[in-house]
Chemist: 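I'd like to ask you about the structure that follows.
In the text below, chain A, chain B and the rest are named by the order of the sequence lines, each starting its count at 1.
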Number of protein chains: 2
Amino acid sequence: MARVSDEPDLRRRLLDVAADVLAEEGPSALTARRLTREAGTSTMAVYTHFGGMPALVRAIVADGFARLHARVDAVPVTDDPVADLAAMAAAYRAHALAHPHLYAVMFGATTLGSFRLSHEEQQVGMAAFDQLVDGVRRAMDAGVVRRGDPASVAGQLWTALHGYTMLEQSGLHRVVDDPETGLLQPLMANLVAGLLVDPGGPGAG
Amino acid sequence: MARVSDEPDLRRRLLDVAADVLAEEGPSALTARRLTREAGTSTMAVYTHFGGMPALVRAIVADGFARLHARVDAVPVTDDPVADLAAMAAAYRAHALAHPHLYAVMFGATTLGSFRLSHEEQQVGMAAFDQLVDGVRRAMDAGVVRRGDPASVAGQLWTALHGYTMLEQSGLHRVVDDPETGLLQPLMANLVAGLLVDPGGPGAG
DNA sequence: CATGGTGCCATCACGGCGTTATGGTCCTCT
DNA sequence: AGAGGACCATAACGCCGTGATGGCACCATG
């Protein structure tokens, strides 16, 4: 089969096709044969450009982290640190809801089964986390959150946020989530409230 | 090939083999050929007893929920409701750490990719959640947690616990978790603290 | 301009996967 | 004893990821 065009960046096109297929049909459709057929080439392109399917998926995950970072980074900084934290959490959740399969692969394929992110790729993922750390630091500087280790507090917030996101995508949150009041907002609010009281308490790190 | 024995309960043996293989080699080793070879039969046994691989995995997941329920149910009830909640959280996390692949399949395979639990199986999973609701109710009765909807509060606790468990198994918690102080204990403590203050506040449901 | 080398991809083959159709065996119930 | 059905072994189909092989286009070098 002749090439679809003289498009030079086949690697980029494969990643775009993979992102589309993942978003529309889920991880099970992420096969070398499917992607290369869609891109008008043969399976060998996966190996010349990535080295195999796991490496291609890893590239997809790295892209996902980069976009998540950009999404959270776009949240403006105001003079209300708590509102900023809430806005960052909302942006995070919105990204996960907009790309559910991608989020599942990002935090599911990372797990024991298939592969592990390289150190550099983990750094990219954690850049988004650093944004949250900065937000917590601003809240501490403003006295809205008890002073302590911002990384620990940010880790707690992220943990709760990630847990809610995972449950929401599993569909299990419907069992425990009150659709009237919601669960995420009280969860974050109570966590922030717990971070305020009892100065020198257990939580601020 | 002759049968390994006249063992009648081949279905049970397949489930046991599947649990072993899952625990030792992860979800990617959960193949019909592998399991039936290990059990000394042919792939047809999967179809006569389960109807297919997705149904077999579903049975594994249902078993996992039942065992998780039993594990949390074994936590004794004392006169310290907060300590009971902490003990339940510890038991939950211990189960997840003892069976990491199983936990991943329980909350990962449930997701968009492959299948969905039946309503009845969801009920089994949620029985463990009801235990947590009871624990929260006792804490409310004792005045240790501000009175409100126990299910909402239990949902918040479970969400945080699940988020920590997932991150711990992904290995990403190493990036944000302080090995000296830990992350889960302050997270739960701050959440409980936030549930105490500001009567009539946002969180108690 | 000729030539050699190199990067890239098409084709094909291999083993493994889930699933299905078919046929045989044994158990049970009448 | 005979009929019926549950159960499983075998073989096949179409997928999958991956590796070997070969051809093609391009480019630097003489």
Chemist: Taking atom CD1 of A:Ile60 and atom CG of A:Leu35, what is their separation to the nearest 0.5 Å?
Modeler: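 Answer rounded to 0.5 Å: 8.0 Å.
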Chemist: Expressed in angstrom and rounded to an integer, what is the separation of B:His49 atom NE2 from D:dA6 atom P?
Modeler: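 Taking NE2 of B:His49 and P of D:dA6, I get 13 Å after rounding.
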Chemist: What are the atom names and distances for every N/O pair under 3.5 Å that joins the protein to nucleotides 17-21 of chain D?
Modeler:
{"from": "D:dG17", "atom 1": "OP1", "to": "A:Ala32", "atom 2": "N", "distance (Å)": "2.9"}
{"from": "D:dG17", "atom 1": "OP2", "to": "A:Ala32", "atom 2": "N", "distance (Å)": "2.9"}
{"from": "D:dG17", "atom 1": "OP2", "to": "A:Arg33", "atom 2": "N", "distance (Å)": "3.4"}
{"from": "D:dG17", "atom 1": "N7", "to": "A:Arg33", "atom 2": "NH1", "distance (Å)": "2.3"}
{"from": "D:dG17", "atom 1": "O6", "to": "A:Arg33", "atom 2": "NH1", "distance (Å)": "3.4"}
{"from": "D:dG17", "atom 1": "O6", "to": "A:Arg33", "atom 2": "NH2", "distance (Å)": "3.0"}
{"from": "D:dT18", "atom 1": "OP2", "to": "A:Tyr47", "atom 2": "OH", "distance (Å)": "2.9"}
{"from": "D:dT18", "atom 1": "OP2", "to": "A:Met53", "atom 2": "N", "distance (Å)": "2.9"}
{"from": "D:dT18", "atom 1": "O5'", "to": "A:Tyr47", "atom 2": "OH", "distance (Å)": "2.9"}

Chemist: For the helix from C:dC1-D:dG30 to C:dT30-D:dA1, how many degrees between its two end axes (five pairs per end), to the nearest 10°?
Modeler: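 The angle, to the nearest 10 degrees, is 0°.
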Chemist: Mind checking what makes side-chain hydrogen bond (donor to acceptor under 3.5 Å, both in side chains) contact with B:Arg137, not counting sequence neighbours?
Modeler: B:Asp134
Chemist: Between P on C:dT19 and CG on B:Leu56, what's the gap in Å once rounded to a whole number?
Modeler: 10 Å
Chemist: Output all residues satisfying salt bridge (Lys or Arg N to Asp or Glu O under 4.0 Å) with A:Asp84, sequence neighbours left out; order by chain, then residue number.
Modeler: none
Chemist: Going by side-chain contact (heavy atoms from CB on, under 4.5 Å), name the residues that satisfy it together with A:Ala91, two or more places apart in sequence or in a different chain.
Modeler: A:Arg71, A:Val75
Chemist: For B:His99, which residues count as a ring pair (Phe, Tyr, Trp, His ring centres under 6.0 Å) partner, sequence neighbours excluded?
Modeler: B:His95
Chemist: With ring-ring contact (aromatic ring centres under 6.0 Å, His included) as the rule and sequence neighbours excluded, what pairs involving residues 121-141 of chain A come up?
Modeler: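 Non-adjacent pairs meeting ring-ring contact (aromatic ring centres under 6.0 Å, His included): A:Phe129-A:Trp158.
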Chemist: Taking side-chain hydrogen bond (donor to acceptor under 3.5 Å, both in side chains) as the test, write out the residues that go with A:Tyr103, two or more places apart.
Modeler: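 A:Tyr103 satisfies side-chain hydrogen bond (donor to acceptor under 3.5 Å, both in side chains) with A:Tyr92, A:His162 only.
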Chemist: How many whole angstroms separate atom CG of A:Asp9 from atom C1' of C:dC9?
Modeler: 16 Å
Chemist: Does anything in residues 41-52 of chain A pair up under salt bridge (charged side-chain N to carboxylate O under 4.0 Å, His left out), and if so which pairs, sequence neighbours excluded?
Modeler: none
Chemist: Tell me the interatomic distance from B:Leu10, atom CG, to D:dC7, atom P, rounded to whole angstroms.
Modeler: 10 Å
Chemist: Distance check needed: D:dC8 C1' versus B:Leu35 CG, whole Å only.
Modeler: 16 Å
Chemist: Tell me: CZ of B:Arg37 to P of C:dG16, nearest whole Å?
Modeler: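 The distance from CZ of B:Arg37 to P of C:dG16 comes to 8 Å, rounded to the nearest Å.
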